[in-house]
Amino acid sequence: MTVQPQSTPQSGSRPRPSWYALERGGWRDYVTLLHLPYTAWHVSYVVIGGCLASTVAWGRLGAAAAAFALAVGVGAHALDELRGRPQRTRIPDAALVGLAVVSIGAASAIGIVGALSFRAWIALLVPVGVFLVVAYNLELAGGRFHSDLWFALAWGGFPLVCGYAAVAGKIGVTTLVAAAFAVALSLAQRTLSTHVRTVRRRVSAVRGDLELRDGSTERLDVSALISPAEHALRLLAAATVVLAGALVIARL
């Protein structure tokens with residue numbers, strides 16, 4: 001296999017910043033900002049955690065899922081876009097700041113009100129969540145919190161723990177074991193998505209061939225580099241959402 005960088009892309013067009021990104025402009029930028037497949041993936045951890053409780057309080061679980069949809073789906077992604085425009089949207093900076101403040105504030109309010117009406121100690125999870133959103137997406141402390149492990153803890157383990165706590169009012173061994181599952185799966189997600197982002201956003205062009213043992217060759221291009229990883233990401237996102245749905249059906 002030979003890979004030789006070129007100064008210009010072969011196709012003459014710049015690849016989309018992510019496989020779920022829409023064409024730039026207008027309302028499409030706001031849909032792209034939501035990172036819908038990944039938001040559904042990580043909100044599913046909340047649902048999975050809540051469904052592990054001995055008795056499911058659907059109102060509290062729904063509120064926890066809504067809070068994470070706001071904090072992660074809107075707030076975290078708005079802050080991420082504010083820092084470097086990875087999705088290349090045209091949303092004004094002021095709008096991104098406003099979306100982040102309102103969504104994270106609303107998520108925090110849901111958490112505090114829910115805690116005070118059920119178990120007051122759960123309110124302690126709210127500032128932890130706010131810190132994770134801000135520190136990770138704005139890369140505070142020189143990016144110390146913007147690592148694979150912090151991603152897995154913040155977007156995998158933490159949502160699952162919060163989902164369980166919001167429903168059961170406690171954290172036990174079951175919670176921690178399930179959180180380890182979410183952390184491991186999030187690490188796999190991070191490994192795949194880091195490779196895809198690098199190719200989509202930093203590689204200008206790829207040229208080369210795969211020489212097979214039977215003497216044939218296959219063309220190597222950008223699509224060949226990212227398609228397997230992106231297909232795996234689609235399947236993992238879908239599988240996690242389906243698992244959450246199956247648990248909801250089982251607990252109804």
Side-chain angles (χ1 to χ4, degrees), residues 1-42 72-73 76-93 96 136-139 142-152 154-156 183-241:
M1 179 184 72
T2 59
V3 181
Q4 303 173 7
Q6 300 179 165
S7 59
T8 57
Q10 291 177 331
S11 64
S13 61
R14 189 179 182 186
R16 292 182 298 167
S18 59
W19 55 270
Y20 46 81
L22 303 182
E23 293 296 327
R24 294 175 66 194
W27 62 269
R28 293 181 296 274
D29 281 351
Y30 291 90
V31 175
T32 296
L33 182 71
L34 296 176
H35 298 247
L36 287 174
Y38 290 164
T39 295
W41 185 340
H42 295 289
V72 176
H77 294 146
L79 293 177
D80 189 51
E81 188 67 5
L82 189 64
R83 194 184 188 283
R85 298 283 173 168
Q87 295 297 320
R88 302 200 291 268
T89 70
R90 296 170 179 163
I91 302 172
D93 287 355
L96 290 172
Y136 178 85
N137 288 282
L138 293 184
E139 299 187 27
R144 180 173 299 177
F145 300 102
H146 198 84
S147 66
D148 293 356
L149 180 58
W150 278 103
F151 171 85
W155 310 137
V183 168
L185 188 55
S186 296
L187 285 171
Q189 174 191 357
R190 177 79 168 183
T191 300
L192 293 167
S193 62
T194 296
H195 165 73
V196 170
R197 285 198 309 271
T198 298
V199 176
R200 278 190 175 275
R201 302 175 189 178
R202 298 181 61 187
V203 174
S204 61
V206 176
R207 183 179 63 194
D209 298 291
L210 295 175
E211 298 178 2
L212 305 184
R213 291 180 180 178
D214 62 4
S216 62
T217 61
E218 292 184 1
R219 179 78 174 273
L220 183 66
D221 55 16
V222 169
S223 177
L225 289 179
I226 64 176
S227 291
E230 288 193 337
H231 187 58
L233 285 167
R234 289 185 176 97
L235 291 175
L236 288 172
T240 309
V241 172

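By convention here, the first residue in the shown sequence is residue 1. Computed from heavy atoms alone, side chains included, the values below leave out hydrogens, waters and symmetry copies.
Arg234 places no side-chain N or O within donor-acceptor distance of the main-chain N or O of Pro37, the cut-off being under 3.5 Å. Put simply, the side chain of His195 gets close to the backbone of Leu225: a donor and an acceptor are under 3.5 Å apart. Formation of a donor-acceptor pair under 3.5 Å by the His231 side chain with backbone atoms of Ser227 is not found in this model. When atom types are taken as modelled, the side chain of Arg16 and the backbone of Ala21 share a donor-acceptor pair closer than 3.5 angstrom.
Taking each heavy atom of Arg219 and Ala224 in turn, the nearest pair found is O-CB, 4.3 Å. Smallest separation of non-hydrogen atoms from Ser186 and Ala152: CB-CA, 3.6 Å. Nearest heavy atom pair, residue Tyr30 against residue Ile91, reads OH-CG2, 3.7 Å. Counting all heavy atoms, side chain and backbone alike, Pro86 lies closest to Asp80 at CD-O, 3.3 Å. Between Arg90 and Gly25, the closest heavy-atom pair is NH1-CA, 4.2 Å. Residues Gln189 and Leu233 come closest through the heavy atom pair O-CD2, 3.8 Å.
Residues that satisfy the ring pair (Phe, Tyr, Trp, His ring centres under 6.0 Å) test with His146, not counting sequence neighbours, are Tyr136. Pro228 is linked by a side chain to side chain contact (heavy atoms under 4.5 Å, CB included) to nothing, counting only residues two or more places apart in sequence or in another chain.
With rounding to the nearest 0.5 Å, the separation of CG in Asn137 from CG in Leu82 is 10.5 Å. Atom OG1 of Thr39 and atom NE2 of His42 lie 8.0 Å apart (nearest 0.5 Å). Atom NE2 of His77 sits about 12.0 Å away from atom OG1 of Thr32, to the nearest 0.5 Å. We find the CH2-CG distance between Trp41 and Leu236 to be 4.5 Å, quoted to the nearest 0.5 Å. To the nearest 0.5 Å, atoms CH2 (Trp150) and CZ (Arg190) are separated by 13.5 Å. Distance check: Arg88 CZ to Asp29 CG gives 11.0 Å after rounding to the nearest 0.5 Å.
Between Glu81 and Thr89, the side chains place a donor N or O and an acceptor N or O closer than 3.5 Å (distance only, hydrogens not considered). Judged by distance alone, the side chains of Asp221 and Ser223 never bring a donor and an acceptor atom under 3.5 Å apart.
Between Trp155 and Phe151, the angle of the ring planes goes over 60°, which puts this pair in the perpendicular group of the 30/60° scheme.
Between Ser18 and Tyr38 the shortest side-chain heavy-atom distance does not fall below 4.5 Å.
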- Query: Taking it one step at a time, do Leu22 and Trp27 satisfy side chain to side chain contact (heavy atoms under 4.5 Å, CB included)?
  - Reply: CA-CA 10 Å; Leu22 303 182; Trp27 62 269; 4.1 Å; yes
